[in-house]
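Comments concern the structure below.
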There are 2 protein chains.
Amino acid sequence: MTIAEKTGNHREPRRVTAAMVAAHAGVSTATVSLVANGKSSGRVSAKNEQRVREAIRELGYVVDSIGSSLAKGVSSLVVLVAPDISNPFFAKVIAGVRSVLASDYQLMLSVTDAGVSPSASETRKILGLRPAGLLVHAPSQEFLEEIGGNLPMVVLDAPGISAKFPAVNMDVAQGARDVVAHFAAQGHTRAAYLDAITGTETLAVRREAFLQAAGDFGIEVLPSSVASSMIDVTAASAAFSEHWPSWKKAGVTALGCATDNHAFGVLHAARTLQIRIPQQLAVAGFDDLPYSATSNPAITSVQLNAQEGGRLAALKLRSLLEGKSPEPLQSMLPSSLVVRGSTVIDGDH
Amino acid sequence: MTIAEKTGNHREPRRVTAAMVAAHAGVSTATVSLVANGKSSGRVSAKNEQRVREAIRELGYVVDSIGSSLAKGVSSLVVLVAPDISNPFFAKVIAGVRSVLASDYQLMLSVTDAGVSPSASETRKILGLRPAGLLVHAPSQEFLEEIGGNLPMVVLDAPGISAKFPAVNMDVAQGARDVVAHFAAQGHTRAAYLDAITGTETLAVRREAFLQAAGDFGIEVLPSSVASSMIDVTAASAAFSEHWPSWKKAGVTALGCATDNHAFGVLHAARTLQIRIPQQLAVAGFDDLPYSATSNPAITSVQLNAQEGGRLAALKLRSLLEGKSPEPLQSMLPSSLVVRGSTVIDGDH
DNA sequence: CTGTTAGCGCTTTCAG
DNA sequence: CTGAAAGCGCTAACAG
């Protein structure tokens, strides 16, 4: 039977229930439940277990997660809440998470519009699924409040969060300082910063650390030299184009970007505006996307270990779900600055 | 109360049930259900409806999706199955989908390892959630078989699928022909193709159309000039590095890539190998990622309208969910070749 | 070891 | 118009 033939007729295929399996195997549904959930050891006779397994296979029975969730009060769903899947950086986080969780839990991604944490009503819908746990990437403060502490949850990339909360962070502050130090070493004395519009903590930390370090290194960043745009190449490009004239006038020769996506937008605008990079303007970003190494020029960027972050966060959640307390409760992953052609003429290509 | 204070105590917050609302409003749960689901018109008195609404607000009641799903036999979940979220292209598809579905359905993304459709067991888990419908991006044939036709479903980017099936496709074949025509116009006579390793139809179509068009345009593509790698900048880079010596020997001067990600890998390797692009090798890809315009050189690519594709697919699914038949059943979105510096010296930058 | 039973929270007939 | 009641499929006590 081809797919085409099956089309259109969405008739409910008679769902195989535990009761059917029980009848088939000549046992009770309780026994079926035990076997199907791997809780049979020492509670079901070998003979019955065997029978049930056969019946399950023959009938193609799969535990209905809805019924199961309702009975248990919780599903086996782990929801990964991410405000910015468009960021390729994020795919690595997922890979890390999957490597730990895939076998025992069902991972689902809750998607929102670019750069935004779920709204209150979206959050409630997520909670309505009764997930076993939540993995939250770069959440806004409001979102965390919304969730409250009544669900096993691990946050990733939320530097502002209390130390009592299971979390995995990237040392973006150090990254920002590295960027500024690098700018200073290159002799820059006036810089600008292109921020992202979003309530995300990690981005606030990047900006604040950048500004602070600038002060420490004697690099001037005028208030008017801090702009922001959505995390989007096009939006960043537009924002930069708008601000460049005044920045140029103010003597800005170096630009820190909240993300590599922003840096890409700047590169793009720079071509149109005939700005030579890095000679006229040095540009650095965060995230070190796979594309950042091959752009023109290649982008100097703060590299973050996304996959390891995802893996660690998933491990912590796993502990939580098993009733243990994650050890250590919080982890901080180092970041490192990768210097390329967008900040130095002879940079790594 | 701060988040920190709430930490650790995952005590079950007493869930507000319909029964509690009913008691509060002095009606039955049936009435609450009616009102909560907006089915009250003409079935509940204005007075009672008012009371129930108040009670709902006061208690902060939210319909429990698990209980609801069990009773109805289906959830309000729409699962978007995507084999390659690492592709920024995909974020646009999601944006399109959300614009149509967000308000009435709950959208969740099922993630897999890069480039692979869900395994049979993963598929069953997805089905176990009893989603209202499925949106499937670039599925493998096996996955479609697995699902069967017993669930409202719309596929995106699956050119091989039967015409009877609701689908939205991108005209990648035309795109491939455009690439070849472009190569021919530039005087190339020997080309290679860097394919993706995955069971995805759209990629097979890209390759076949490329090879076919090459024949038509008198461009030779030796069997040994077709290589493949995972959809990943690093993997593509390695694959290209490995094959380049023999391709070079064979006189290859143009390279078609299955995706822009592959093209990025090639660009990357080309730097190391000191291959001048496009003088020595012209490189073109598919997807026209946001990054493709700013790479070095900028990548000539087949542009696909991802967001519109997502929107159309969601509209079709919506029809299906409302019991209607999508009109038209299938849509084909045009593609267009964007010529840039990776294929012509004076290309668009 | 095994089956019976009572829900989980909600929707939906079906009498009143 | 309204409420009582019967499930949806499963799990967890609890008796045997």
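Atoms considered below: every heavy atom in the structure, side chains included; atoms not considered: hydrogens, waters and symmetry mates. Chain identifiers are assigned alphabetically (A, B, ...) following the order of the sequence lines, protein sequences preceding nucleic acid strands; residue numbering begins at 1 within each chain.
At the phosphate of D:dC1, neither OP1 nor OP2 sits under 4.0 Å from any side-chain N or O atom of B:Thr31. Listed pair B:Asn48 / D:dC1 fails the phosphate criterion, with no side-chain N or O lying under 4.0 Å from OP1 or OP2.
You'll find the side chain of A:Ser319 stays beyond 4.5 Å of the side chain of A:Leu315, heavy atoms only. Side chains of B:Pro139 and B:Val81 form no contact here, defined as non-hydrogen atoms less than 4.5 Å apart. You'll find the side chain of A:Leu107 reaches within 4.5 Å of the side chain of A:Arg98, heavy atoms only. Considering only heavy atoms from C-beta on, B:Tyr61 stays 4.5 Å or farther from B:Met20 through its side chain.
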Salt bridge (charged side-chain N to carboxylate O under 4.0 Å, His left out) evaluation trace for A:Glu308 with A:Arg311: CA-CA 5 Å; A:Glu308 179 63 6; A:Arg311 205 182 65 84; 3.1 Å; yes
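Axis angle, first five pairs versus last five pairs of the helix from C:dC1-D:dG16 to C:dG16-D:dC1: 40°, rounded to 10°.
Judged by distance alone, the side chains of B:Ser110 and B:Lys125 never bring a donor and an acceptor atom under 3.5 Å apart.
Residues B:Lys39 and B:Glu49 are not paired through a salt bridge, judged by the lack of any N-O separation under 4.0 Å between the basic side chain and the carboxylate. In this structure, A:Lys47 does not pair ionically with A:Glu54, as no charged nitrogen and carboxylate oxygen lie closer than 4.0 Å.
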Once each nucleotide of nucleotides 5-16 of chain D is scored for protein heavy atoms under 4.0 Å, what B/S/- sequence comes out, 5' to 3'? --BBBBBB----
